[in-house]
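Some notes on the structure that comes next.
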Amino acid sequence: MNTGRQMTLEAPSIYQPIMLSILEITSMTEMEKVFTIELPFPTSLEHRPGQFVQVSVLGVGEAPISISSSPSRSKSSFELCVRRAGALTNALHALNPGDVVGVRGPFGRGFPIERFRGKDILFAPGGLGLAPLRSVINEVLDDRSNYGRIIILYGAGQPVEMLFQDELQEWAMREDVELHLTVDKPDKKWKGNVGVITTLFSDIQVSPRNTVAITCGPPVMYRFVLMELLGMGLPEGNIWLSLERRMKCGVGKCGHCQMDHMYVCQDGPAFSYAEIRHLEEAL
Amino acid sequence: MSSTKPKIAFFDFAGCEGCQLTVLDSLQTHTELLNAVEIVQFREAMSERNDDYQIALVEGSYTRPSDEVRLQAIRDQAQIVITLGACAHLGGVNAVRNAHRLEEIKRYVYGEKAEVYEAASARPISDFIQVDAFIPGCPIDREEFVRAVKSLLQGNLPDIPDYPVCVECKLRETGCVFLYGKTCLGPITRAGCGAICPSFGVGCEGCRGLIPNPNMASLREVLSENGLDEMRVKAKMSLFLTNQIATSDMEA
Amino acid sequence: MSQTLQIDIHHITRVEGHGNIVVDVRKGKLVKCDLEIVEAPRFFEAMLLGRPYDQASHLTSRICGICAVTHGTASLKAVEKALGVEPSEQTKRLRKLNLFGEMLDSHILHVYLLVAPDLLGVESVISLAQTDIHVVERALRMKKVAGDLCAAICGRHTHPIAMVVGGFTHFPSAEVLESISKRLEAMRTDLDNAVELIQSCQLPAFERETEFIALYTKEEYCFIDGEIMSTEGGPWPLEEYRSITNEHMVDHSTAKHARHQRQSFMVGALARYKLNHDKLHPKAQAAAVALGLTPGCINPYMISVAQVVEIVHCTEGAIDLIQQLLDRGVVSEDPAPVARSSGEGVGACEAPRGTLYHHYEIQDGLVSAANCVIPTAQNLANIEADMRAWVPQQLGCTQEEMTMSLEMLVRAYDPCISCSAHMIKVKCV
Amino acid sequence: MIAKILPKHALQNWIETLREHYRIIGPKLAQSQFIFGDIHSADELDLSYPTTILPPKKVLLPQREDLFHFDATGDTHIVEPTFDDEPTVILGIHACDMHSITLLDRVFERGTADQHYQTRRENTTLVSLECIKSCSEYSFCKSMGTLSIPEDFDLHITDLGDEYLLEIGSNKGVSLLWNFNEVREATDADFERLNKVMSEKWSHFTYRVDFDITELPALLSLSYDSKVWEELGDRCLACGACNIVCPTCYCFDVRDEVDFSLCSGGRFRVWDSCQLDRFAVVAGGHDFRDARAARQRHRFFRKGKYLTEKYGVVGCVGCGRCAQACLVHISPVDIFNELHRRRVPSAATQEEILA
Ligand SMILES: Cc1cc2nc3c(=O)[nH]c(=O)nc-3n(C[C@H](O)[C@H](O)[C@H](O)COP(=O)(O)OP(=O)(O)OC[C@H]3O[C@@H](n4cnc5c(N)ncnc54)[C@H](O)[C@@H]3O)c2cc1C
Ligand code: SF4
Ligand code: SF4
Ligand code: SF4
């Protein structure tokens, strides 16, 4: 189900972006910046965690970007965490606060968090995968009493590549969050775990029936993380992923994001493993 | 978007200079080009010369050892090196000679004076220096050149299609030349020319180079099914693709 | 006045290809005065060896981006002669029209974008765009008509597509031809302006007797069919091109030099004008009068003026030819068939910068010997002879003035050095 | 049924009348093949055309279509969507192509409606044409159940020899005959002639799929891991021609263009093809469908299963264009038949074999 597409529904064309100003730009790492986009009253985003928007720089192009801020914190603005990967993202990185970007959306099916209530939640983002999961994490933290344990296993290439370091600090301080970090290549100051994200799994014990796992990361990561989660005994329906595909329209027309009969832009990008396990083209 | 105009310089190596001419021709429909960039070297059209440039557009093939020094100097100065046309991108038609022994062709053309002339086999520029992008074609496509300049102004490298000529051929509804008993390299050749050759009744000759994953074996079969013997297949594929096919055969 | 002067113009700009002028004057004496061709050799004749004959024109059009249509056409004519192909009247008309387009394109480029900056005292067309954008716009407008004319017939001007042995693979529609004809007619105002522009410019007064050679027919101002004619004899059949061009090697150049009756001869617009002037279109005749060009002219700087006259002639010629084509209706026809698979033939055309010969021997459909004689190669000796005569006359000038006048002299010939940068050991037996 | 009779000699006048209000598109000869193109006079139109290179899809979803223009040279960013509402008549659409338009209609109105398609569609009048003989040696519409015209025509033409019978399917169809008095009411005799044409036509369509096409989705489900895909992958040139010429392919790419100010320009879409390299590549270079075999499978699954399941109409209308365009002779009929021949035997038949 798509919910609250207020912004897009207003436009005469589904392909027409709404022009919004950038309030703030924060450099995260060499490759990633966080853009805070202003929502002029009374425009609302009303997204679900896990949904994405199509972001435009007019004249350069458009790309799907996950909404990184949680619905609980996106009232008059929302946040996008963007990695420099090509034409559009390069152009975004060249912008300054006050510049405008085009936005369409939100699109897709986010995570069904109401169904996660009362459960323990295990987040396993890799690299840029934290961008969409941060939305869920903060949503859950802002409604902390309704959930059980919150475990976050986050892996990045190097310590300097870790995203949202301020928030990681905060989460680390919290009693009610179990945060475990790892890097592939440590630097001199790194005291934590070294190794790929799957090396963190041995440190934790979960009650499989009552745990929902949410993972997002580069294509190669999924297979290994899934192996761990299934190995822990999590039911397939409790494992959630966010998938990336090439997308040109966001509304199930352009065909690029199709995997077997599913359209990632509409049926996803959030999927339970049970839904996609049989699809050869999914992972 | 930067407000200072990028400084562009043109360089020519072995070629017919048709690509530089096409650049001049693009002014016919895009005079704004003159204001958008600062051309600091363009020997074919201007006497002024200035070695302070950021973008180097290199036309023509490497054909002799002394070219290497010039190329290195260009690479050292330029932030972005872009090849212009098939000669620079692939070795172009110049590479047809690679099929012959160099000494023989030198003697054929220059007779007893052959020794005076420095020559090597014709190679793409990217064999010698790192090339950031290429604008393919023999000659380059005017509109593609203009789009490439705009991409550069936007801070991106030009986006050159990597799908085959057949796509454009079908999009413009040209009757496939195979139906008229002709043969075509469209299925393995990079589009961007608007399938101009098929649309003028001639099969594609491959001037824009191979697409990233061409099905060579299958195309060879199509060509032979359509009446080309091995010698003619070779002749067809070696007009522009000598260097690329040599590489892909080596990989195969 | 005794003077020491060394000029070394490395890579003359605004010509096609790479040439160096080297002048060495020691104590008022000319020690050295050469035009060096330093183009990387491209070996086209050797490249043709073993190639199917139907690839020859597409391959050789790549000799030069400016006279690609002429190379393609001369190549087709050589193959057709060798294989006994008799193209239709329509093919001949279309080819002629196409050559008019190329002649216009090249002459406009040369006169406006390459020569005019000298005459108007600016460094290049790029600076000219700053000082007098209208002149540049006019040139680009005219050039576009010429380019579009070629594109309508053969797909594009640089490296024509639709020209094949025996005919064409694509035919312009009546609408397209009509619209081009209208644009050519509309170009007449621009032509008047072109004549005015050149009228107002001062060309150096340098004269030197030499021999002039061009293709010639009785019927028309000849570009495509015809025989070889000289101010000192002729006509001779094309097959005798070798004894006329007499190419020989010189030390300082990758290009071969040519000589006929004298030490050197000139080909190109001025030669054509001198040999064919009586068949010019009346409007072109009038332009010649207005510009002070006479058949007796022996000033090489006047080549550019002859080009302007030809621009008028080709425009009017193209309008007339389009009318003829429209009257008869352009039909889609298959190329004329080849009569045999082996043979030998010479084909020639007037390229913008002079007579161009292609000579092939074909065996079983494959080229077994090839020779191309390019106009600039024929002119090189003449350019040097001009320089050697002209430098001593200017010894009073500054180095700068001398450099300028020599560059202008070379540029007047409109050299297409990349084409001429190869020579021939002919072996067509 | 409401029907009119248009004498063939009156076609020219009809087209002239229509041209006053509509852009007319119809089958006509270009070089030596047929295309849907602008019709200015009756002699350009050829209603006995075999098949066209591109389907009439190109009118409703043009190869390149502007989505919006923008201008950011001033202080405010102006974004202006572009819709094409030029009243247009497409004349002479074969039954298969009519079925494909039914599919496109559903694709572009379901879920999020595509206003660009819809605007054009609403302003387009479809004049279909009864197929009396097979339009090319490659077509197999009869097998696909697309040889009978679907309901959503505005006007439907049947060639009765010296006259055309025009069935009226909608008010849009009525408008085409508004104020045109060279047609007459069809009589019983005319309907009899129509019936004769209709009953005689079926035997002219012979090229076919060997099994009942309603089995196709199930057959494909069984054939996901078939060797056939590998074999196709080896042969396929990945030239994309099959997708481009297909009336039921609608995937597109979206691109921007700017003028030299870099601040104004537009966004447009162009047809894309799932057989091409960049189609499913994401940042970082991972290609989710990198093998030609997988791409061919995807294509045939879309045609034979996914679209049918999602939109309730066939995804391949049997026009044969892709087979004609394919230089390595990949044809849906052959593929479907081959899959059927090699299908995994069902439990029952296996038992029979063993028994
Ligand atoms: C649902 C969803 C959510 C996403 N969320 C985020 C997010 O939160 N943050 C984020 O940073 N990214 C996110 N992405 C990824 C982002 O959309 C891509 O990185 C996007 O492609 C960037 O667009 P671009 O124009 O900058 O790059 P492009 O220019 O489109 O380049 C991207 C990739 O395309 C391919 N490509 C481009 N040009 C060529 C060429 N010439 N030849 C071959 N291949 C080429 C390459 O693989 C290249 O790496 C998300 C994607 C999806 C589907
Ligand atoms: S003519 Fe060439 S490019 Fe066009 S469809 Fe046929 S094979 Fe492809
Ligand atoms: S069709 Fe082929 S040969 Fe012709 S311009 Fe295009 S890529 Fe070059
Ligand atoms: S798949 Fe082929 S036969 Fe079927 S509708 Fe598309 S083009 Fe026609």
Output the distance between atom CG (L48(C)) and atom CZ (R97(B)), rounded to the nearest 0.5 Å. 14.0 Å

Is any side-chain heavy atom of V96(B) closer than 4.5 Å to one of R51(C)? yes

Max heavy-atom pairs within cutoff under 4.5 Å with chain C, candidates C207(B), G201(B), P139(B), goes to P139(B)

Worked check of side-chain contact (heavy atoms from CB on, under 4.5 Å) between T169(C) and V177(B): CA-CA 11 Å; T169(C) 56; V177(B) 300; over 6 Å; no

Side chain to side chain, V202(B) and H170(C), heavy atoms closer than 4.5 Å: no

Do you know which two heavy atoms are closest between F200(B) and A162(C), and how far apart they sit? O-CB, 3.7 Å

When heavy-atom pairs shorter than 4.5 Å are enumerated against chain C, which of I39(B), D25(B), T31(B), T22(B) gives the highest number? D25(B)

Is the closest side-chain heavy-atom distance between T29(B) and L140(C) below 4.5 Å? no

Heavy-atom proximity to chain C below 4.5 Å, by part of I196(B): both

Yes or no on salt bridge (charged side-chain N to carboxylate O under 4.0 Å, His left out) for R232(B) and D54(C), after CA distance, side-chain angles and deciding distance? CA-CA 11 Å; R232(B) 292 209 139 236; D54(C) 52 279; 3.1 Å; yes

Closest non-hydrogen atom pair between C16(B) and I63(C), with its separation: CB-O, 3.6 Å

If only atom types and distance count, is the side chain of R62(C) paired as donor or acceptor with the main-chain N or O of C138(B) below 3.5 Å? yes

Under 4.5 Å to a heavy atom of chain C? For S199(B) that would be backbone

Under 4.5 Å from any heavy atom of chain C - which part of Y180(B): neither

So which atom in H58(C) and which in E205(B) form the shortest heavy-atom distance, rounded to 0.1 Å? ND1-OE2, 2.6 Å

Atom pair CZ (F44(C)) and CG (N94(B)), whose distance is rounded to the nearest 0.5 Å: 6.0 Å

Taking atom CG of L34(B) and atom CD1 of I133(C), what is their separation to the nearest 0.5 Å? 6.5 Å

Please state whether the side chain, the backbone, both or neither of L366(C) comes within less than 4.5 Å of a heavy atom of chain B. side chain

Sort A151(C) into side chain, backbone, both or neither according to what part of it lies under 4.5 angstrom from a heavy atom of chain B. backbone

Minimum side-chain heavy-atom gap V93(B)-H159(C) below 4.5 Å: no

Note: Q55(C) and L239(B) closest approach over all heavy atoms is OE1-CD1, 3.9 Å

